Amino acid sequence: MKILLIGATGNLGLRLVAALLTHGHIVIAYVRSPRKLELLLPSNVYSQIIVVEGDATNTALIKGTILENDCDAVVNTAGVAAMAPWNKSDLPEIFSAVLKAVQQAGSERKEPLRVWFLAGLGVLHFPGTNTMLSNYVPIFLEHRQNIRLLRALPPHSVDWSLLCPSTMTPENLEISVPTKTSGKLTACATTPPMWMDSWLKYIPFFGKVILAAMNASRYDTTLEQNAEFIASDLEDRDSRWIGVPVGIIDAKK
Ligand SMILES: NC(=O)c1ccc[n+]([C@@H]2O[C@H](COP(=O)([O-])OP(=O)(O)OC[C@H]3O[C@@H](n4cnc5c(N)ncnc54)[C@H](OP(=O)(O)O)[C@@H]3O)[C@@H](O)[C@H]2O)c1
């Protein structure tokens, strides 16, 4: 597939460049600073991609880049959610701008575009309920307004998926193609996979908070595993992750 990768200079973005190339995709990296990307990637990797300079809040430029390069899919890793509920980041503005560009480009092409966005563990539901985990542990709340935008889209206007990792750490500091990862992820739609249940959830007021906090660190994964997950899913035109938030866990856990 021909993929527009927005935020290629970031921790996940750099690993995605390598993973997408490893899976045979054509990569168009959309970044604020091509020079920064050139310094972060080995020259033999940088030479394999097309680089476009632009801001992730620029809907018109993103849409134009998708259409001019005839992209089949978009991955957005630009913007980082604020952790504390009282802080604000530019992620909501970026998310909304990219989503509009993808929707408009799909509408002009008369075929919805495939897109992967990033959120966090907190937008997944506490298993067995319709309540988001971030109701119990209220951090990274900006992801909630982003998922509301996805759910408000007209049917079949965007083939979106929303990856909801907990903390992601690097396996390797060097970026190389082909990629190496320590192992695969197990995924589940809407709730975290392999949730560790406990009677604690029946304790009034605090039980689910304690259980959610106890589970959170089990969902730590690596940047390389998440990049591999997205790159491999984009080989499948009928992905089962279209239209859902996706929880993931290291398959070895
Ligand atoms: N890392 C984690 O543990 C973790 C866990 C759960 C979810 N997430 C989510 O995963 C996503 C990626 O995380 P990450 O660790 O890769 O973040 P990161 O390393 O901080 O990368 C953020 C990227 O966003 C780009 N960016 C920011 N504002 C931009 C703008 N206006 N226009 C264009 N690019 C812009 C940055 O570009 P510059 O280089 O130009 O600054 C950078 O490439 C984030 O949305 C984050 O909330 C991360």
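In each ligand, atom 1 is the first atom listed, and ligand 1 is the first ligand listed. As the structure is a prediction and not an experimental result, all values here were calculated from the model. One-based numbering along the sequence shown.
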When you measure from the side chain of T77 to the backbone N and O of G7, does any donor-acceptor pair fall under 3.5 Å? yes

Would C164 count as a contact residue for ligand 1, given that I'm defining contact as a non-hydrogen atom of the residue lying under 4.0 Å from a ligand atom? no

Taking only non-hydrogen atoms of I94 and a 4.0 Å limit, the atoms of ligand 1 in range are 28 (N), 29 (C), 30 (C), 31 (N)

Give yes or no for whether the N/O distance cutoff of 3.5 Å, strictly under, is met between N11 and ligand 1. yes

Short list, please: which atoms of ligand 1 are under 4.0 Å from a heavy atom of G7? 43 (O)

Just by distance, do the side chain of K253 and the backbone of D220 share a donor-acceptor pair under 3.5 Å? yes

Close N or O approach (K36, ligand 1; < 3.5 Å): yes

Below 4.0 angstrom from a heavy atom of A81, which ligand 1 atoms are there? Numbered from 1 as shown, please. 47 (O)

Salt bridge (charged side-chain N to carboxylate O under 4.0 Å, His left out) between K63 and E108: does it pass, once the steps are laid out? CA-CA 10 Å; K63 176 186 158 191; E108 261 183 50; 2.7 Å; yes

Strictly by modelled atom types, are R144 and N135 linked by a side-chain donor-acceptor pair under 3.5 Å? yes

Looking at ligand 1, does any of its N/O atoms fall within less than 3.5 Å of an N/O of G10? yes

Residue selection (non-hydrogen contact nearest atom 24 (O) of ligand 1) among A8, G79, S89: G79

Proximal ligand 1 atoms for M168, defined as those under 4.0 Å from one of its heavy atoms: 1 (N), 2 (C), 3 (O), 4 (C), 5 (C), 8 (N), 10 (O), 48 (C)

Report yes if G13 has an N/O atom closer than 3.5 Å to an N/O atom of ligand 1; otherwise report no. no

Ligand 1 to A119, heavy atom cutoff 4.0 Å, flagged ligand atoms 6 (C), 7 (C)

Salt-bridge present (E228, K184; N to O < 4.0 Å): yes

Under-4.0 Å heavy-atom contact between protein and atom 10 (O) of ligand 1: yes

Distance filter under 4.0 Å to L118 heavy atoms, resulting ligand 1 atoms: 10 (O), 11 (C)

Is the backbone N or O of F117 less than 3.5 Å from a side-chain atom of N76, with the two atoms forming a donor-acceptor pair by type? no

Check ligand 1 against T77 and write out every atom of the ligand that is under 4.0 Å from a heavy-atom position of the residue. 11 (C), 12 (C), 22 (C), 23 (C), 24 (O)

Where T179 and A19 come nearest, the two heavy atoms and their spacing: CG2-N, 3.7 Å

Taking N or O atoms only and a 3.5 Å limit, does S33 qualify as a polar contact for ligand 1? no

Within the side chain of N69, is there an N or O that forms a donor-acceptor pair under 3.5 Å with the backbone of T65? yes

Distance to 0.1 Å, residue and atom name: give those for the protein heavy atom nearest to atom 17 (O) of ligand 1. V80 CG2, 3.5 Å

Would one find an N or O of G120, backbone or side chain, under 3.5 Å from an N or O of ligand 1? no

With no hydrogens and no angle check, is any side-chain donor or acceptor of S166 less than 3.5 Å from a backbone partner on L121? no

With heavy-atom distances below 4.0 Å as the criterion, list the atoms of ligand 1 near T167. 3 (O)

For atom 31 (N) of ligand 1, find the nearest protein heavy atom and state the residue, atom name and distance (0.1 Å precision). D55 OD1, 3.0 Å

What protein heavy atom sits nearest atom 37 (O) of ligand 1, and how far off is it? T9 OG1, 3.2 Å

May I ask you to check if ligand 1 and L12 share an N or O to N or O distance below 3.5 Å? yes

Check: Q225 main-chain N/O paired with T222 side-chain donor or acceptor under 3.5 Å: yes

A78, any N or O under 3.5 Å of ligand 1 N or O: no

Please step through salt bridge (charged side-chain N to carboxylate O under 4.0 Å, His left out) for the pair D233 and R114, ending with a clear verdict. CA-CA 11 Å; D233 178 71; R114 181 82 182 96; 2.8 Å; yes

Would you confirm whether D236, through its side chain, and D238, through its main-chain N or O, come within 3.5 Å as a donor-acceptor pair? yes

Specify the protein heavy atom at minimum distance from atom 32 (N) of ligand 1: its residue, its atom name, and the distance to 0.1 Å. A56 N, 2.8 Å

Does H25 use its side chain to pair, donor to acceptor, with the backbone of A231 at less than 3.5 Å? yes

Answer yes or no: is there a donor N or O on one side and an acceptor on the other, between the side chain of E224 and the main chain of E171, under 3.5 Å? yes

Which of the listed options, E53, E142, R32, holds the heavy atom that is closest to atom 28 (N) of ligand 1? R32

Please confirm whether the backbone N or O of L61 pairs with a side-chain atom of N58, one donor and one acceptor, at under 3.5 Å? yes

Measure the distance from atom 5 (C) of ligand 1 to every protein heavy atom, then report the residue, atom name and distance (to 0.1 Å) of the closest one. S166 O, 3.2 Å

